[in-house]
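As the structure is a prediction and not an experimental result, all values here were calculated from the model. The basis for the numbers below is simple: all heavy atoms, side chains too, and nothing from hydrogens, waters or symmetry mates. Remember, it's 1-based here, ligands and their atoms both numbered in the order they're listed.
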Amino acid sequence: MKFSSPPMEDSHHTMSPTVTTPTLPKGYVLHAGYPPISSYRHLRSASGLTARSVAQAAPVASNSWYGCYITYDDNNNNKPVEVAMGRIIGDGGWYFHIADMATLPEHQRKGLGDVVLKELLAYIGRHAPCDEKEGEYPYITLFADGPGRRLYEKNGFKETAPRSLGMQLVYDRGLVVPGRWVLGS
Ligand SMILES: CC(C)(COP(=O)(O)OP(=O)(O)OC[C@H]1O[C@@H](n2cnc3c(N)ncnc32)[C@H](O)[C@@H]1OP(=O)(O)O)[C@@H](O)C(=O)NCCC(=O)NCCS
């Protein structure tokens, strides 16, 4: 597989990689990093995820732990376009949350989402501290929307319920005032 910018290997604290990255179809290239803000926003909204503003998208590249995306070159002298992405929000120690898994509809079901997910997992495998004897292993989470569930299950993810339920503090104007949280009623 072509990889525009392979991540550096760590010389210590590695766990053996257990994922293999399959080959991409012709014209597609996997890149380490994040799509430009405009492409990020387009990828989210065009794939059916909630639209995000420029201000919300701006910190993605600087504040995520790792990300990757796939471009497509139709070989017609057009600029390659970003067609799939995913990223990891995490502390690099043990918390790793996978987010923004999205493939443009016309490029779905070609294995791109699988390549992105496997690359994210492989990167954790290469860089996260892991020593099973010490109980040291990465804690990898995500919220699975309908279209991604099979993909995640195929890659080893399991539902956490009933042991642990994903919960969200749903935005409520009554709970949040500009600049500060209101605690209590
Ligand atoms: C979830 C999502 C990222 C998957 O992306 P994708 O690039 O289509 O993923 P893949 O092609 O790797 O796999 C998806 C399905 O296509 C199948 N597939 C893979 N290659 C294929 C091919 N050449 N021909 C036909 N089907 C194929 C996979 O087996 C899988 O099907 P399955 O779920 O029935 O097993 C994409 O559907 C998406 O962007 N959905 C909208 C946004 C979203 O909900 N994101 C998840 C948020 S949690």
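Here the two rings, on His127 and Tyr66, have centers that are 6.0 Å apart or farther.
For Asp91, there are no side chain to side chain donor-acceptor pair (under 3.5 Å) partners, not counting sequence neighbours.
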Identify the protein atoms, limited to N or O, that lie within less than 3.5 Å of an N or O atom of ligand 1, and list each pair with its distance to 0.1 Å.
{"residue": "ligand 1", "atom": "5 (O)", "partner": "Thr103", "partner atom": "OG1", "Å": "3.2"}
{"residue": "ligand 1", "atom": "7 (O)", "partner": "Thr103", "partner atom": "OG1", "Å": "2.9"}
{"residue": "ligand 1", "atom": "7 (O)", "partner": "Gly113", "partner atom": "N", "Å": "2.8"}
{"residue": "ligand 1", "atom": "8 (O)", "partner": "Arg109", "partner atom": "N", "Å": "2.8"}
{"residue": "ligand 1", "atom": "11 (O)", "partner": "Arg109", "partner atom": "N", "Å": "3.3"}
{"residue": "ligand 1", "atom": "11 (O)", "partner": "Lys110", "partner atom": "N", "Å": "3.2"}
{"residue": "ligand 1", "atom": "11 (O)", "partner": "Gly111", "partner atom": "N", "Å": "2.7"}
{"residue": "ligand 1", "atom": "12 (O)", "partner": "Gly113", "partner atom": "N", "Å": "3.4"}
{"residue": "ligand 1", "atom": "12 (O)", "partner": "Asp114", "partner atom": "N", "Å": "2.9"}
{"residue": "ligand 1", "atom": "20 (N)", "partner": "Arg109", "partner atom": "O", "Å": "3.4"}
{"residue": "ligand 1", "atom": "20 (N)", "partner": "Gly111", "partner atom": "N", "Å": "3.3"}
{"residue": "ligand 1", "atom": "23 (N)", "partner": "Arg109", "partner atom": "O", "Å": "3.4"}
{"residue": "ligand 1", "atom": "24 (N)", "partner": "Arg109", "partner atom": "O", "Å": "3.1"}
{"residue": "ligand 1", "atom": "26 (N)", "partner": "Arg109", "partner atom": "O", "Å": "3.3"}
{"residue": "ligand 1", "atom": "29 (O)", "partner": "Lys154", "partner atom": "NZ", "Å": "2.8"}
{"residue": "ligand 1", "atom": "35 (O)", "partner": "Arg150", "partner atom": "NE", "Å": "3.4"}
{"residue": "ligand 1", "atom": "35 (O)", "partner": "Arg150", "partner atom": "NH2", "Å": "3.1"}
{"residue": "ligand 1", "atom": "35 (O)", "partner": "Lys154", "partner atom": "NZ", "Å": "3.2"}
{"residue": "ligand 1", "atom": "39 (O)", "partner": "Thr103", "partner atom": "N", "Å": "2.8"}
{"residue": "ligand 1", "atom": "39 (O)", "partner": "Thr103", "partner atom": "O", "Å": "3.4"}
{"residue": "ligand 1", "atom": "39 (O)", "partner": "Gln108", "partner atom": "NE2", "Å": "3.4"}
{"residue": "ligand 1", "atom": "45 (N)", "partner": "Met101", "partner atom": "O", "Å": "2.9"}

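Listed by first and then second residue, the salt bridge (charged side-chain N to carboxylate O under 4.0 Å, His left out) pairs that reach into residues 140-153 come to none, sequence neighbours excluded.
The closest side-chain donor-acceptor pair between Lys158 and Tyr152, if any, does not fall under 3.5 angstrom.
The hydrophobic cluster containing Trp94 also includes Tyr95, Tyr139, under a criterion of side-chain heavy atoms closer than 4.5 Å among ILVMFWY residues, counted directly or through chains of members.
A side-chain donor-acceptor contact under 3.5 Å links Asn155 to the backbone of Leu151.
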